[in-house]
Amino acid sequence: MSFRPNPRHPYAHAARLPEGDGPVSLDEVIPGAGPFELEIGPGRGGFMFERCAAAPDARLLGLEIRLKWAHTVDERLAKAGLRGRARVLGEDAKRALPRLTPDASLRAVFLHFPDPWWKKRHEKRLVMGDVLLDQIARLLAPEAALYIQTDVEERAEQYEAQVATHSGFVPAGDAPGSPRMAENPFGARSPHEHRAIADGLPVHRLLYRRAPRGDSV
Ligand SMILES: C[S@@+](CC[C@H](N)C(=O)[O-])C[C@H]1O[C@@H](n2cnc3c(N)ncnc32)[C@H](O)[C@@H]1O
């Protein structure tokens with residue numbers, strides 16, 4: 001069942017995918033031309049704006065579970081004249097991704113500083129997991145990028161171990177066989193990345209490419 005906000009939620013009017021659980025074409029969400037890129041959990045949205053400037057050909061979709069931020073960033077994008085090529089919808093990425101079509105249509109998927117929770121009881125909230133990876137693998141175009149960054153080394157190790165067990169991705173970092181990157185190659189930073197850099201915190205960056213499609217994935 002698709003997640004519906006309480007109608008009394010102050011941001012219940014945030015833009016969403018069409019009602020129901022059916023498939024939704026990315027072209028329906030952002031009509032026009034240009035390759036699609038997806039940010040999961042854009043938060044305050046800075047990456048969406050910086051990426052629009054760095055990749056003027058791209059159509060950018062953000063899926064943000066917090067309706068307040070989804071609505072606020074979506075409106076700011078509209079005010080900046082970017083509505084035609086960038087939207088943030090108030091959605092749980094784990095529920096929204098299985099609805100998106102067509103397969104092999106995304107040029108990049110970005111996860112910047114996901115999963116800040118530490119406690120065992122918060123594990124069900126984690127956005128990164130096998131279901132999400134299966135959907136990302138389904139949606140990425142051949143050779144397209146999956147880029148993940150975090151300021152928590154244990155989280156980076158956890159993501160690295162999770163992605164390594166998935167046949168849909170090949171590591172594409174600085175050294176052959178490793179996903180680790182010293183720098184962000186996308187010309188755009190998220191608010192959390194800017195903050196981590198300003199605070200002198202290390203940023204752990206992982207880059208993968210979509211593996212050639214075989215029989216299984
Ligand atoms: C730590 S914040 C990082 C925000 C932003 N990516 C950045 O780097 O500045 C994690 C973001 O992911 C969002 N988020 C968490 N779980 C999500 C889910 N299942 N679907 C969509 N967004 C999610 C949170 O609401 C929050 O905005």
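Counting starts at 1 for both ligands and their atoms, in listed order. All values below were derived from every heavy atom in this structure, side-chain atoms included, with hydrogens, water molecules and symmetry-related copies excluded.
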Query raised in the report: Does the N or O separation between Pro114 and ligand 1 drop below 3.5 Å for any pair?
Result: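 In this structure, Pro114 places no N or O atom under 3.5 Å from an N or O of ligand 1.
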Query raised in the report: Looking only at heavy atoms, is any part of Glu91 under 4.0 Å from ligand 1, and if so is it the side chain, the backbone, or both, or is it neither?
Result: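 The answer is the backbone of Glu91.
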Query raised in the report: Residues in side-chain hydrogen bond (donor to acceptor under 3.5 Å, both in side chains) with Arg87, at least two apart?
Result: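 If we apply the side-chain hydrogen bond (donor to acceptor under 3.5 Å, both in side chains) test to Arg87, skipping adjacent residues, the hits are Asp74.
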Contact atoms of ligand 1, heavy-atom distance to [X] under 4.0 Å:
X      : answer
Arg66  : 25 (O)
Pro42  : 5 (C)
Gly41  : 4 (C), 5 (C), 6 (N), 11 (C), 12 (O), 13 (C), 22 (N)
Gly43  : 27 (O)
Pro191 : 9 (O)
Phe113 : 1 (C), 2 (S), 3 (C), 8 (O), 10 (C)
Asp92  : 18 (C), 19 (N), 20 (N)
His192 : 7 (C), 8 (O), 9 (O)

Query raised in the report: If you measure from atom 8 (O) of ligand 1 to every heavy atom of Gly62, Gly46, Ala70, Ser190, which option wins on shortest distance?
Result: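 Closest candidate by heavy-atom distance is Ser190.
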Query raised in the report: So which of Leu63, Leu111, Ile65 gets nearest to atom 17 (C) of ligand 1, if we judge by its closest heavy atom?
Result: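 It is Ile65 whose heavy atom sits nearest to atom 17 (C) of ligand 1.
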**Report entry** Donor-acceptor pair between Tyr159 and Glu157 side chains, under 3.5 angstrom
**Finding:**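 Looking only at side-chain atoms, Glu157 and Tyr159 do not form any donor-acceptor pair under 3.5 Å.
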Would you say [X]'s side chain and [Y]'s backbone share a donor-acceptor pair under 3.5 angstrom?
X      : Y     : answer
Arg189 : Phe47 : no
Arg16  : Gly90 : yes
Glu64  : Arg66 : yes

Query raised in the report: Can you tell me if Glu193 has a non-hydrogen atom under 4.0 Å from ligand 1?
Result: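 No, that is not the case, since the closest heavy atom of the residue is not under 4.0 Å from the ligand.
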Atom pairs and distances, donor-acceptor, side-chain atoms in residues 28-36, under 3.5 Å, two or more places apart:
none

Query - Output field: ring centroids His13/His71 closer than 6.0 Å - result: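 Aromatic pair counts; centres sit under 6.0 Å.
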Requested in this report: Decide if atom CD of Glu143 counts as having more than 12 heavy atoms of other residues, nucleotides or ligands within a radius under 6.0 Å.
Outcome: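 Result for CD/Glu143: open.
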Query raised in the report: Does CZ in Arg44 sit with more than 12 non-hydrogen atoms of other residues, nucleotides or ligands closer than 6.0 Å?
Result: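 Atom CZ in Arg44 is not crowded, with 12 or fewer foreign heavy atoms closer than 6.0 Å.
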